[in-house]
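Below is one structure, written out as structure tokens; the observations come after it.
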Amino acid sequence: MKKRRLLSVLSVICLLGAVLAGCGSSGSGSGGAAEPTADASGYVYTGEAPVTKSGGSLKILASTSNYSNVDISNAPIVKRVFEEAGVTPEWQLLDFNSYADAITPMLASGQVDADIVKLPDSDPNQVYLKSGMFVPLDTYFGIMPNFSAWLEAHPAQKAELTAEDGHIYYVPGTYVAHDYQPCLMYNQVWLDQAGVSAPDNLEDFVALLRYYQTHDMNGNGDPNDEIPMSIMNDFLPYMFGPAFGLGLVSGFQAYAQGHVSYAFADAENYRAYLEFLHGLYAEGLLEVEFTSLDRDQVISRIAGDLTGVAFDFSWAMSMMYSNVLPYYDGSEHTAFVGAPPLSGPSRGFYVGRNLLSDMFGVNAASEKIELAVKFLDFAMSDHCQDYYQWGFEGETYTVNADGSRSYTEQALNNDWLQAFGINPAFVFPAQQSVEATDILVAPWHARINGELRQYVRDPWPAIYATTQESDTVNLYLTDLQTNVAENATAFINGTKDLNTDFDAYLSGLESLNLGEVTAIRQKQYDRYRKALGQ
Ligand SMILES: [Ca+2]
């Protein structure tokens, strides 16, 4: 079910925290917002239900649930949102698994008979919004009180959603972005046997690997069958890059004053990173076939009690790794447990994901633009988000004496909860919640996630590109990334020597047009900073 989202997409802004701290109060940017207007019955929508008192229907073009047995259009949560809004839906739901394939040609031809449309992607190259197919929503902010308040509270996302022309076209759902992100995991039983807690720096970490390498950790009488750590190649940059101050996950990083650079071309820090990994390789702590290790192999090793350290998406912790350990008893004492990041010359961190998920736009050809705009605003209100995340009191959750909430027994059945319409991101701009994720994992896993949240930093922002920028980046970036990956492997396994070959590697990147790609990333980042009001 889960998708791997790795190297290609996300990265790190080392100083994003500082960047965001100074940008709280920029103006809304776009003028001309429509004032609240009355519907045919004289009713004025101000952000709460109903959206209209004169009735009406809206055509919704969106996707089915990813649970094939769930009819999202009949889910109680979805139905209630329309009932409260006073709007009747006319559904046009396309299959979840082929949504992009089905809707992309419709959008390309302009043949869309719907008032509200779920986009096939984030429109990264501004193809749809430049076509004039979608209403610039900022011109309707006067009747979008919930969305405009959300944007003011989320300046980074507002900057990401602001197109090159200064307008905002889409209402987004959101992911859980700082929770359940990729992290280090340790076999707790092995840690206890070694008499240490999870290391938080490279030096202690290497010492632990050496201990595992020379001790019979699994107690089978053979001190040589232990594989100290099992890290899939794509996760090495997540695991060790931050300790060297590098944003290797997307490759592009911005330092103070917004200067953008390519982390894989960092002559000092990236070289130190490679030197460290080569050291692990030379000692046998990073395995010879490290580039081909896959998740199935990691799981198989854990099931055989053969390895002590892994790095993966958080959900693997209790759902794929701990549960296969021969002695796992459901507690963290016998589990593969998440731990803080490793620090080195720089302080460690984990790389989160981008907050923005599915985008919804209003068709500029709609005859009911105002109703559609108001409905979309209501559908993303806190009031509706509460439904999306918790459902209804007494049915999906109960309120405890201290005011906190618990899901009901029935809601702990995930199939039932999906049919109820929890997190209906297929049809509404729903915001994923940590609580709804917590109930899917072991309690100790949820607690550890809460502890690791503080270490997660935002990835490289999602910034709209121009078609020309995309053409140039697409032309050069794949070759660059291939070259980087091949050279990383060669420097780590010693086929190439950092002392004699590293300068040639750096100049090789330049001849692959790194300068042009970085210049584009710089322009895009400048636009992002400008939209942030910097
Ligand atoms: Ca052994």
Side-chain angles (χ1 to χ4, degrees), residues 182-240 243 276-344 348 441-442 444-445 448 452 489 492-494:
C183 68
L184 257 165
M185 302 168 203
Y186 295 88
N187 180 320
Q188 184 61 50
V189 171
W190 286 27
L191 279 179
D192 289 344
Q193 272 172 233
V196 297
S197 52
D200 64 0
N201 64 80
L202 295 176
E203 198 180 345
D204 291 349
F205 180 73
V206 172
L208 179 68
L209 295 184
R210 286 175 182 146
Y211 187 90
Y212 288 169
Q213 193 177 34
T214 52
H215 287 76
D216 181 18
M217 301 308 299
N218 54 21
N220 66 352
D222 177 1
N224 296 315
D225 67 342
E226 281 77 10
I227 302 161
M229 67 171 182
S230 298
I231 312 297
M232 292 173 274
N233 194 32
D234 285 346
F235 279 117
L236 289 174
Y238 281 85
M239 181 167 167
F240 295 112
F276 173 80
L277 286 180
H278 175 63
L280 292 184
Y281 183 93
E283 272 193 70
L285 300 172
L286 178 63
E287 61 201 271
V288 173
E289 300 289 338
F290 70 95
T291 56
S292 62
L293 182 68
D294 65 25
R295 183 173 286 114
D296 287 342
Q297 289 172 284
V298 177
I299 291 170
S300 154
R301 289 176 184 179
I302 291 172
D305 199 20
L306 291 170
T307 196
V309 186
F311 192 104
D312 207 333
F313 292 99
S314 172
W315 50 265
M317 196 189 300
S318 64
M319 301 176 91
M320 296 184 84
Y321 290 169
S322 297
N323 57 312
V324 301
L325 264 177
Y327 37 72
Y328 178 55
D329 64 4
S331 82
E332 62 196 283
H333 308 293
T334 54
F336 245 78
V337 296
L342 298 170
S343 293
V441 302
W444 61 263
H445 185 170
I448 288 175
L452 297 185
T489 302
I492 291 169
N493 69 20

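Start at 1 and go down the list; that is how both ligands and their atoms are numbered. Start at 1 with the first residue, then count along the sequence. The analysis underlying the following values was restricted to heavy atoms, covering all of them including side chains, and did not include hydrogens, waters or symmetry mates.
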message: Any side-chain to backbone donor/acceptor pair from Q213 onto I227? Under 3.5 Å, distance only.
response: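 Side chain of Q213 to backbone of I227: no pair is present.
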field: Parallel, tilted or perpendicular, as decided by the 30° and 60° cut-offs, for the rings of Y186 and F205
entry: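 Ring orientation of F205 relative to Y186: perpendicular.
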query: Between D305 and W190, is any side-chain donor less than 3.5 angstrom from a side-chain acceptor?
result: yes
field: Exercise: do Y321 and D312 side chains pair donor with acceptor under 3.5 Å
entry: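 Yes.
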message: Tell me if the aromatic rings of F313 and F235 count as close, with their centers under 6.0 Å from one another.
response: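 Centroid separation for F313 and F235: below 6.0 Å.
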- request: Tally every protein N/O/S atom whose distance to the Ca ion (ligand 1) is less than 3.0 Å; waters are neither shown nor counted.
  value: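 Those protein atoms number 6 in total.
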task: Could you list the residues that satisfy side-chain contact (heavy atoms from CB on, under 4.5 Å) with H333, not counting sequence neighbours?
output: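 Only S331 meet the side-chain contact (heavy atoms from CB on, under 4.5 Å) criterion with H333.
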